[in-house]
Amino acid sequence: MSTEQKRRPFPFHEFEPKWQRVWDEKQTFHVANPGEPGFDASKPKYYVLDMFPYPSGQGLHVGHPEGYTATDIIGRYKKMRGFNVLHPMGWDAFGLPAEQYAIKTGQHPRATTEANVANFKKQLQSIGFGYDWQREVNTTDPGYFKWTQWIFVQLYNAWFNPATNRAEHISTYKGDDVDNVRLAYVSHAPVNWCPQLGTVLANEEVVDGKSEVGGFPVERRPMRQWMLRITAFAQRLIDELDGLDWPESIKLHQRNWIGRSEGAEVSFAIADSKLPIAESQITVFTTRPDTLFGATYMVLAPEHPLVDVISTAEQKEAIAAYRTTAASKSDLERTELAKEKTGVFTGAFSINPVNGEKIPVWIADYVLTGYGTGAIMAVPAHDERDWEFAKKFALPIREVVAKEPRLGLGNKAACDTEPMECFAEEGYAVNSGPLDGLSTADAKAEIIARLEAQGVGKRRIQFKLRDWLFSRQRYWGEPFPIVWENGKHSALDESELPLLPPDLADFKPTGTPEPPLSKATDWVRYSETATRELNTMPQWAGSCWYYLRYIDNKNSERFVGAEAEKYWTGGGKPGGVDLYVGGTEHAVLHLLYARFWHKVLFDLGHVSTPEPFQKLVNQGLILGEDGQKMSKSRGNVVNPDDVIRDYGADALRLYEMFMGPLEATKPWSMSGVEGVFRFLARVWRLVMDETKEGDWISSAALQEVPMDKATAKVVHATIKKVGEDIEALSFNTAISQMMVCTNALTSANPRPLEAVRLLVRVLGPFAPHLAEELWSRVGGTGLVSDAEWPAYDPALLVEDEVEMPVQINGKVRDKIVVKKDATQPEIEAIAKAAPKVAEAIAGKEIKKLIVVPGRLVNIVVA
RNA sequence: GCCGACGUGGCGGAAUGGCAGACGCGCUAGACUCAAAAUCUGGUAUCCUCACGGGUGUGUGGGUUCGAGUCCCACCGUCGGUACCA
């Protein structure tokens, strides 16, 4: 841009930084905690939260300010409405991308993180967000992660008591294997290992067999890992969604992810087994126990422990070969090759407990180790997967469910004819002995009762959710507060926290599953005989509880002070945060993990609500001008800094909100930005006139005169609608109403000062810089940010007369004007007398006449 | 496959079951100007008509209703999520 003076329609570049300085100097958006000076206990509280950003090297993109502007408007509005508003911001700064970037550039992640945080903060401040920066948190700050580690220790020292259905201190556990019930425990199960990233990943972080970060292949291998027992809370995580004001789609997503299914566990005896009874059973989980009579074979997962025990000598070789292939397949290959079923016969048979039939036992990788019991009874007639498998390996298929009840057919008749297609729906039992004729629901109940009586099965509820793999083989994360001695682990004492990571110069992955912390030989040695845990926590750890730390971020005694926690999360709702705004991408990761941690803290008495977030809103994605997802490779990325430079922060904020509904996906448009920019200039010119020389002076039209009726009406209608629209998060329509008001005031001469003062206050939450500037020029007291939200006068909004359309058979034919309080018969008479109406109904029979007072009249004629 | 969201002018989008298209963009005419930009004022769904006026219109087809963009059923399309979960 040239250095010569670029003419600006209003001097936003001068007053925007000015007001940002004033807010900072006066600490306008700082709010005190109970017990602190300046705390006003008479005010209600409002906690409005943004999903804090991961401070990447790219800086802010226009997606960030969308949600942030929405919460800022709410926060500023609630403040004007007399609330104590908690609206904080912080940094989710541990994690893979920072470390990858550090490795690439050769800098220490702490240095790059600091630089990125400083840049993000500067950018956020240049948009004029009203955050209480005194409450800033950073997950990589030792004063913060001390408490992340402390919470981990709480998890370690807790177990889930099924009798009370909640987490309790480990001391209440009376069994003999404490390490088997802790909420944080060690596992040796196969995990998702990503060689390129040099770390293991949680199930949630693996997408289509590739890492969510980077898209690298992921393979399964058994490793020693820390797990968190989130599955213990599965039922509560489902049930307690009910009390939350979240989008139904997100609730559904979480329910599906947790994946509750009801069914039965059934034990099949292994035929001709020489093993003790207890070991010669194959237990399966099924949601369709009513189809038990149709089980014609069984399948074990390749990794199932019984495979070695039961396979016959002739099959051993084939089995071993199949297991090797299955194990070496990455998840990606497993998914890609999912089309064709594979498997091998074990040579063994089992006995169907309901009819004594001997059925073959196979292994196949379409049965997963991690779900249910890792074994299934196959009912090919009524399960698509079993159907495909049976067809491929020519196994028998027996129909046991029919669409319609069918009685009187013996087993014999049915066994001879195989069904033509798989029927996986509910229906009525056939060929099932005592179940015949029962509906699927009744048949399930009946068979479960029978199995329970025989002691070979029972009702069971199964969840898809797995325990949370919590350790990573990385440098840039919270070290575990755990030491190992003689193969046994123990937690550090609270006094030893925070446990800082070693200051490693070489923090690169080792290329093996050995974590980089192993390179810090001094650090690793805890004592003569004990060494430290080498894994670090995943990025999700810090974000699981940051909303609690904002409440009391400087507390060195406790993760959050009890009194402050009670105040800011109080209000009688299950969730403490009143409004949480962020992207959908966290539907089942962050939002599920945070709920889990919160419930543990609640059960252990550390927080006072069972849920973290009462109301959740997902802001939509902002696309590039071409309607495509914004990305560097497409070259359609919009940088907020450029928008602020050319149009100002207020225009950026306003445009982000004017684009459309907050939740919608919508494309960016620079001419749209210019549109709201012109609107802001029009508001400016309500107050200021430009001289021939290009100087700004107070507008001559602006006078201390009372508002005429029409002006008062539009201004008060604006106060009403904008307030209601903010409450409903309908910011685009609020802005359109302010445009209507501004257009009306533009043509007013004289222009009543009072009207402008009211409009400026209503504009405050949206375009705070311009509002402050104008407020100071129209004689406002103090800051508009501290002003009260104006009240509207409903009496000014009612019309004396209303225009009503008159329809004939649903089509508008004429319009009439009637008094506001006209009676039904009066309206009817006026309507019938209207010229076009009279003409249309002349000589016709009126079959019906509907009058909707204040809206319309509809006359139905033959 | 399954689950979810959404289909309204040239574009972004408004509409408690009650005048479809608020507001903005774009386009267009006029005012101001020597001229332009900026600004201000007006017009702008579509078809028929010189006009007055009228017909048709919210993805498609049905239905409920005095009245449907809105509610119900079926279908088509776009986007997002998810996938051997027994």
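Note on naming: letters A, B, ... go to the chains in the order of the sequence lines (proteins, then strands), and numbering restarts at 1 for each one. This structure is a prediction, so every number in the text was calculated from the model and none was measured.
B/G77 and B/G59 have their P atoms separated by 16 Å, with the value rounded to a whole Å. Remark: the separation of the P atoms in B/A68 and B/A20 is 11 Å, to the nearest Å. Going from the P atom of B/G57 to that of B/G62 covers 12 Å, rounded to whole Å. A distance of about 28 Å separates the P atoms of B/G26 and B/U16, rounded to the whole Å. Across the C1' atoms, B/G7 and B/G61 are found 16 Å apart, a figure rounded to whole Å. Across the P atoms, B/C40 and B/C23 are found 15 Å apart, a figure rounded to whole Å.
In plain terms, the two heavy atoms of A/Thr346 and A/Val361 that are nearest each other are OG1-O, 2.6 Å. A pairwise comparison of heavy atoms in A/Arg398 and A/Phe293 identifies NH1-O, 2.8 Å as the closest pair.
Nucleic acid contact for A/Asn732: sugar-phosphate only, since backbone atoms but no base atoms lie under 4.0 Å from a heavy atom of the residue. A/Lys815 comes within 4.0 angstrom of a base, heavy atoms only. Contacts of A/Thr584 with the nucleic acid, taken as non-hydrogen atoms under 4.0 Å apart, are absent. Counting any heavy atom pair closer than 4.0 Å across all strands shown, A/Arg466 reaches a base atom. Note on A/Lys464: a base of the nucleic acid sits closer than 4.0 angstrom, heavy atoms only. Within 4.0 Å (heavy atoms only), A/Glu803 reaches at least one base atom of the nucleic acid. Note on A/Ser669: nothing from the nucleic acid sits closer than 4.0 angstrom, heavy atoms only.
When each of B/A14, B/G26, B/G18 is scored by its nearest atom to the side-chain atoms of A/Leu856, the top-ranked nucleotide is B/G18. Checking B/G13, B/U82, B/G4 against every side-chain atom of A/Lys666, the shortest atom distance belongs to B/G13. Comparing atom distances between the A/Pro667 side chain and each of B/G12, B/A86, B/U82 picks out B/G12 as nearest. Of the candidate nucleotides B/G55, B/C23, B/G13, B/G55 has the atom lying nearest to any side-chain atom of A/Arg813. Side-chain proximity of A/Lys341 to the nucleotides B/A22, B/C84, B/C19 is greatest for B/C84. Of the listed nucleotides (B/G55, B/C23, B/G81), B/G81 has the atom at the smallest distance from the side chain of A/His253. Side-chain proximity of A/Thr733 to B/A86, B/C23, B/A15: nearest is B/A15.
Nucleotide B/U58: unpaired (no Watson-Crick or G-U wobble partner with both distances less than 3.5 Å). Across all strands shown, B/C79 is found opposite B/G4 as a Watson-Crick or G-U wobble partner, with both distances under 3.5 Å. Both distances falling under 3.5 Å, in either a Watson-Crick or a G-U wobble arrangement, place B/G24 opposite B/C11. Checking B/G69 for Watson-Crick or G-U wobble geometry (two distances, each under 3.5 Å) identifies no partner in any strand. Remark: B/C40 base-pairs with B/G30. Criterion, Watson-Crick or G-U wobble with two distances under 3.5 Å.
Considering CG of A/Asp290 and NE2 of A/His382, their distance stands at 8.5 Å, rounded to 0.5 Å.
Taking 4.0 angstrom as the limit, A/Asn256 places none of its side-chain polar atoms (N or O) nearer than this to OP1 or OP2 of B/G81. Listed pair A/Lys811 / B/U56 meets the phosphate criterion, a side-chain N or O lying under 4.0 Å from OP1 or OP2.
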Letter by letter from the 5' end, nucleotides 27-34 of chain B scores (B base, S sugar-phosphate only, - none; protein heavy atoms under 4.0 Å) --------
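The side chain to side chain donor-acceptor pair (under 3.5 Å) test applied to A/His590 returns A/Tyr580, not counting sequence neighbours. For the side-chain contact (heavy atoms from CB on, under 4.5 Å) test, residues two or more places apart in sequence or in another chain that qualify with A/Gln619 are A/Glu66, A/Val581, A/Leu662. Shown here are the side chain to side chain donor-acceptor pair (under 3.5 Å) partners of A/Lys721, two or more places apart in sequence or in another chain: A/Asp725. Partners of A/Asp626 by side chain to side chain donor-acceptor pair (under 3.5 Å), not counting sequence neighbours, listed by chain and number: A/Asn636. For A/Lys720, the side-chain contact (heavy atoms from CB on, under 4.5 Å) partners at least two apart in sequence or on another chain are A/Glu724, A/Tyr792, A/Leu797. Among residues two or more places apart in sequence or in another chain, the side chain to side chain donor-acceptor pair (under 3.5 Å) test is passed with A/Glu585 by none. In terms of the side-chain contact (heavy atoms from CB on, under 4.5 Å) criterion, residue partners of A/Leu395 (sequence neighbours excluded) are, by chain and number, A/Tyr297, A/Pro360, A/Trp362, A/Phe389, A/Ala390, A/Phe393.
Classification of the A/Phe10-A/Phe677 ring pair by plane angle, with boundaries at 30° and 60°, yields tilted. Classified by interplanar angle (parallel below 30°, tilted 30° to 60°, perpendicular above 60°), the ring pair A/Trp468/A/Tyr593 is parallel.
By the 6.0 Å and 45° rule, A/Arg653 does not stack over the aromatic ring of A/Tyr655.
Between A/Leu621 atom CG and B/G4 atom P the separation is 22 Å, expressed in whole Å. Distance, A/Leu252 CG to B/G4 C1': 7 Å, rounded to whole Å. With rounding to whole Å, A/Tyr366 atom OH is found 20 Å from B/A83 atom P. Counting to the nearest Å, the C1' atom of B/G18 and the CZ atom of A/Arg855 are 6 Å from each other. The CZ-C1' distance, from A/Phe731 to B/C23, rounds to 17 Å in whole Å.
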Output a table of donor-acceptor pairs, distance under 3.5 Å, between side-chain atoms of residues 740-749 of chain A and any protein atom two or more places apart or on a different chain; print 'none' if there are none.
from: A/Thr742; atom 1: OG1; to: A/Met738; atom 2: O; distance (Å): 2.7
from: A/Asn743; atom 1: OD1; to: A/Arg682; atom 2: NE; distance (Å): 3.1
from: A/Asn743; atom 1: OD1; to: A/Arg682; atom 2: NH2; distance (Å): 2.6
from: A/Asn743; atom 1: ND2; to: A/Met739; atom 2: O; distance (Å): 3.4
from: A/Thr746; atom 1: OG1; to: A/Thr742; atom 2: O; distance (Å): 2.7
from: A/Ser747; atom 1: OG; to: A/Ala744; atom 2: O; distance (Å): 3.1

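Residues from residues 650-658 of chain A with heavy atoms under 4.0 angstrom of RNA chain B, sorted by number: A/Phe658.
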Dump every N/O contact between nucleotides 39-45 of chain B and the protein below 3.5 Å, one line per pair.
from: B/U39; atom 1: O3'; to: A/Arg685; atom 2: NH2; distance (Å): 2.9
from: B/C40; atom 1: OP1; to: A/Arg682; atom 2: NH1; distance (Å): 2.6
from: B/C40; atom 1: OP1; to: A/Arg685; atom 2: NH2; distance (Å): 3.0

List every contact pair, protein side and nucleotides 65-69 of chain B side both N or O, where the distance is under 3.5 Å.
from: B/C66; atom 1: OP1; to: A/Lys848; atom 2: NZ; distance (Å): 3.1
from: B/C66; atom 1: O2'; to: A/Asn858; atom 2: ND2; distance (Å): 3.3
from: B/C66; atom 1: O2; to: A/Asn858; atom 2: ND2; distance (Å): 2.6

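A/Gln807 and A/Arg813 share no side-chain donor-acceptor pair at under 3.5 Å. Counting only N and O atoms by type, the side chains of A/Thr733 and A/Ser730 include a donor and acceptor under 3.5 Å apart.
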Could you walk me through whether A/Glu845 and A/Lys847 pass salt bridge (Lys or Arg N to Asp or Glu O under 4.0 Å), step by step? CA-CA 6 Å; A/Glu845 183 201 349; A/Lys847 298 180 79 173; over 6 Å; no
